[in-house]
Amino acid sequence: VQLQAYGGGLVQFGGCRRLSCAASLNAGSINRMGWYRQAPGMQRELVAGISSVGMPDYADSVKGRFTISRDKNMVFLQMNSLKPEDTAVYYCNVQTHWGASLWGQGTQVTVSS
């Protein structure tokens, strides 16, 4: 099983970026999907998650700026009004109905001030 995340890069303060992640899984196997991030020297933290029925949840730090969505075996993260503190490696996560938690390889997002 593979998770391929892409869409990271360098963006200016206040800019936008859209991350995508595709899972090599049958969509019916997928339960919750999410995005996490890890900044240098920090622990990995949940950015946003979305349930199998499409209910999203967000970290307080990104509410109103980020939007998570999913379509079949893909999960997306639309990031608006980016700040330097959003700089991190972003990882997608997929939880299956049989209890597995799968991680993508990460994509770097750097926000310049």
Side-chain angles (χ1 to χ4, degrees):
V1 176
Q2 289 185 325
L3 272 66
Q4 182 68 43
Y6 49 94
L10 178 64
V11 61
Q12 289 187 336
F13 177 82
C16 304
R17 203 78 183 180
R18 179 175 169 87
L19 304 182
S20 303
C21 178
S24 61
L25 280 172
N26 185 298
S29 301
I30 300 173
N31 191 2
R32 178 180 168 84
M33 308 178 86
W35 288 95
Y36 290 72
R37 67 186 180 188
Q38 187 167 19
M42 305 292 287
Q43 289 189 333
R44 191 174 297 188
E45 62 175 0
L46 174 68
V47 176
I50 187 165
S51 72
S52 58
V53 295
M55 291 293 292
D57 56 88
Y58 299 95
D60 287 343
S61 59
V62 307
K63 281 180 182 176
R65 299 188 297 121
F66 290 12
T67 302
I68 189 170
S69 60
R70 61 187 288 173
D71 182 24
K72 298 182 177 67
N73 63 338
M74 296 192 69
V75 61
F76 309 95
L77 187 68
Q78 177 66 44
M79 304 184 293
N80 298 331
S81 302
L82 282 162
K83 307 174 182 179
E85 50 263 45
D86 295 317
T87 295
V89 178
Y90 284 71
Y91 298 89
C92 61
N93 174 261
V94 166
Q95 297 177 19
T96 68
H97 287 296
W98 63 84
S101 183
L102 309 172
W103 293 92
Q105 84 286 4
T107 184
Q108 175 72 46
V109 174
T110 301
V111 184
S112 62
S113 56

message: I'd like to know whether W35 forms a side chain to side chain contact (heavy atoms under 4.5 Å, CB included) with C21, so could you lay out the CA-CA distance, the side-chain angles of the two residues, the decisive distance to 0.1 Å, and finally the verdict.
response: CA-CA 9 Å; W35 288 95; C21 178; 3.7 Å; yes
query: Going through the distances and angles, do D86 and K83 end up as a salt bridge (charged side-chain N to carboxylate O under 4.0 Å, His left out)?
result: CA-CA 5 Å; D86 295 317; K83 307 174 182 179; over 6 Å; no
task: Could you go through the side chain to side chain contact (heavy atoms under 4.5 Å, CB included) check for S29 and W98 one step at a time?
output: CA-CA 8 Å; S29 301; W98 63 84; 3.5 Å; yes
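At least one side-chain heavy atom of T107 sits less than 4.5 Å from a side-chain heavy atom of L19. Side-chain contact between F76 and D71 is present, with at least one heavy-atom pair separated by less than 4.5 Å. When side chains are defined from C-beta on, R17 counts as touching L82, because their heavy atoms get closer than 4.5 Å. Looking only at side-chain heavy atoms (C-beta outward), N73 and N26 stay at 4.5 Å or farther from each other. Proximity of F13 to S112: side-chain heavy atoms (C-beta onward) are nowhere separated by under 4.5 Å. Counting heavy atoms from C-beta outward, Q12 and V111 have side chains that stay 4.5 Å or more apart. Proximity of D57 to L46: side-chain heavy atoms (C-beta onward) are separated by under 4.5 Å at one or more points.
In the hydrophobic cluster analysis, where Ile, Leu, Val, Met, Phe, Trp and Tyr join through side-chain heavy atoms closer than 4.5 angstrom, V47 is grouped together with L102. The cluster map of Ile, Leu, Val, Met, Phe, Trp and Tyr, joined by side-chain heavy atoms under 4.5 Å apart, puts Y36 and L77 in different clusters. Note: the hydrophobic cluster containing M33 does not contain W103 (ILVMFWY, side chain heavy atoms under 4.5 Å, direct or indirect links). M79 and V62 fall within the same hydrophobic cluster, where Ile, Leu, Val, Met, Phe, Trp and Tyr residues are linked whenever their side-chain heavy atoms come under 4.5 Å apart, directly or through other members.
Checking side-chain atoms of R44 against main-chain N and O of V89 turns up no donor-acceptor pair under 3.5 Å. A distance-only check finds no donor-acceptor pair linking the side chain of R37 to the backbone of Y91 [under 3.5 Å]. S24 places a side-chain N or O within donor-acceptor distance of the main-chain N or O of Q2, the cut-off being under 3.5 Å.
Considering CZ of R32 and NE2 of H97, their distance stands at 13.0 Å, rounded to 0.5 Å. R65 contributes atom CZ, which lies 12.0 Å from atom CD of Q78 (distance to the nearest 0.5 angstrom). Distance check, rounded to the nearest 0.5 Å: CD of Q38 to CE of M42 gives 9.5 Å. Interatomic distance, I68 CD1 to M55 CE, rounded to the nearest 0.5 Å: 12.5 Å. Between the CD1 atom in I30 and the CE atom in M74 there is a gap of 10.5 Å [rounded to 0.5 Å].
Between A39 and A88 the shortest heavy-atom distance is N-CB, 3.8 Å. Residues R70 and N31 share a closest heavy-atom pair of NH1-O, 2.7 Å. The minimum heavy-atom distance between C16 and V11, with the atom names listed, is O-CG2, 3.6 Å.
Taking the six-membered ring where tryptophan is involved, the planes of Y90 and F66 are tilted, since the angle between them lies from 30° to 60°.
Side-chain contact check for S101 and N93: at least one donor-acceptor pair (N or O, by modelled atom type) lies under 3.5 Å.
Annotation: E85, atom CD; neighbour count of heavy atoms from other residues, nucleotides and ligands within 6.0 Å is above 12.
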